[in-house]
2 protein chains.
Amino acid sequence: MSEEQMTIREMCDAYDVTPRTLRFYESKELLFPIREGQKRLFTKRDRARLKLILRGKRFGFSLEEIRQLLDLYDMGDQQATQLQRTYDVARQRLQDMEEQRDELNEAIDDLREQLKWGEQIIADFENDLKAAQ
Amino acid sequence: MSEEQMTIREMCDAYDVTPRTLRFYESKELLFPIREGQKRLFTKRDRARLKLILRGKRFGFSLEEIRQLLDLYDMGDQQATQLQRTYDVARQRLQDMEEQRDELNEAIDDLREQLKWGEQIIADFENDLKAAQ
DNA sequence: GCACTGCTTTACGTTAACGTAAGAGAGACG
DNA sequence: CGTCTCTCTTACGTTAACGTAAAGCAGTGC
């Protein structure tokens, strides 16, 4: 368990993912583990990328979108337009998320109303039951 | 185009969905159009339910979750146990939604941080460009 | 030498929410 | 009667992000 290179199992334990997931991410060009014989070895760069991938997923990004964002992190000599486009994608995503949150809050309020209803109905029913004894 | 009953096409035009979607919702027991011969006729109850379905989808609910919520809206003369169970489902759902909202808020904050980063990178880059002229 | 463990590739399976195509009945119109 | 338009049912196709066998190397322990 070198500090620099980790096996697939060490990665899985460290980041709580399956081997399949790591191989899948590699096939999608999100990770680039090196090979020792036939085995994969994940570098600290892969670990940094994986962290960002998992974070991106929590944000609700698709893997394809995440790949674009990773390119943003990676960039050194890219074109400004490309940069701007990726940035725009992220800003749009933020806006979507805020809208989604607002609607979610609305839905929560609605549901709370329904539940007050439900409580009332149940209370009435239980009263009737007691009265009927 | 009666006020009370609408054909599938009228529904599609009114709510911007496809016939396939309406039939699919019927197959999932989200809608209950009546039949005139072999044709479907959607009542105002179906329209009310469809509105709630579309709203639920915007909230990010699955169709199955929406069906449960619709049942909550529908309730009137159910049995107490059934009522209690449905109520519990709804309460659980509310809790899930609040958790989801909290995570979403966290994600939004994180993403905001990332974007500040992005802005910085872009600013630096543009500075370099100017300096490089 | 042989079993065991861990890794590999290949490739079909899964879920949600429809899309899409095929083939047919049914009423309206000219 | 023929054609058009609308609708119907049936059923396979699609996308994302992996899950889940199946079958086989490779190193390690005994």
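Quick note on labels: first sequence line is chain A, next is B, and so on, each numbered from 1.
- In this structure, the side chains of E26(A) and L22(A) stay at 4.5 Å or more apart for every pair of heavy atoms.
- Shown here for L54(A) and Y15(A), the closest heavy-atom pair between the two residues is CD1-O, 4.0 Å.
- Between T43(B) and F32(B) there is no side-chain heavy-atom pair separated by less than 4.5 Å.
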Could you list, one pair per line, each protein nitrogen or oxygen that sits under 3.5 Å from a nitrogen or oxygen of nucleotides 4-7 of chain C, together with the distance?
none

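- Contact check for L50(B) versus D46(B): no side-chain heavy atoms found under the 4.5 Å cut-off.
- For DNA chain D, the residues of residues 14-22 of chain A within the heavy-atom distance limit of 4.0 Å (strictly under) are T18(A), R20(A), T21(A), sorted by number.
- Judged as a salt bridge (charged side-chain N to carboxylate O under 4.0 Å, His left out), and not counting sequence neighbours, the contacts of R45(B) are D74(B).
- For the helix from dG1(C)-dC30(D) to dG30(C)-dC1(D), the end axes, each set by the C1' atoms of five terminal pairs, are bent relative to each other by 30° (nearest 10°).
- In summary, contact between chain B and DNA chain D, defined as any nucleotide atom under 4.0 Å from a heavy atom of the protein, begins and ends at dT7(D) to dA11(D) in the 5' to 3' direction.
- Of all heavy-atom pairs spanning I66(B) and K57(B), the tightest one is CD1-N, 3.7 Å.
- Between K39(B) and E10(B), no side-chain nitrogen of the basic residue sits less than 4.0 Å from a carboxylate oxygen of the acidic one, so the salt-bridge criterion is not met.
- Side chain of R47(A) to backbone of E4(A): a donor-acceptor contact under 3.5 angstrom is found.
- Other members of the hydrophobic cluster containing I34(A), listed by chain and number, are L41(A); membership follows side-chain contacts under 4.5 Å among ILVMFWY residues, whether direct or relayed.
- Heavy-atom minimum distance, C12(B) versus P19(B): SG-N, 3.3 Å.
- One finds the CG atom of L30(B) at 11.5 Å from the OG1 atom of T21(B) (value rounded to the nearest 0.5 Å).
- In terms of position on DNA chain C, the residue among Y25(B) and F42(A) whose nearest nucleotide sits closer to the 5' end is F42(A).
- Between F24(B) and L63(B) the shortest side-chain heavy-atom distance falls below 4.5 Å.
- Comparing S62(A) and L41(B) by the nucleotide of DNA chain D whose heavy atom lies nearest to each, the residue mapping closer to the 5' end is L41(B).
- Classification of R67(B) and E64(B) as a salt-bridged pair holds, one side-chain N sitting under 4.0 Å from a carboxylate O.
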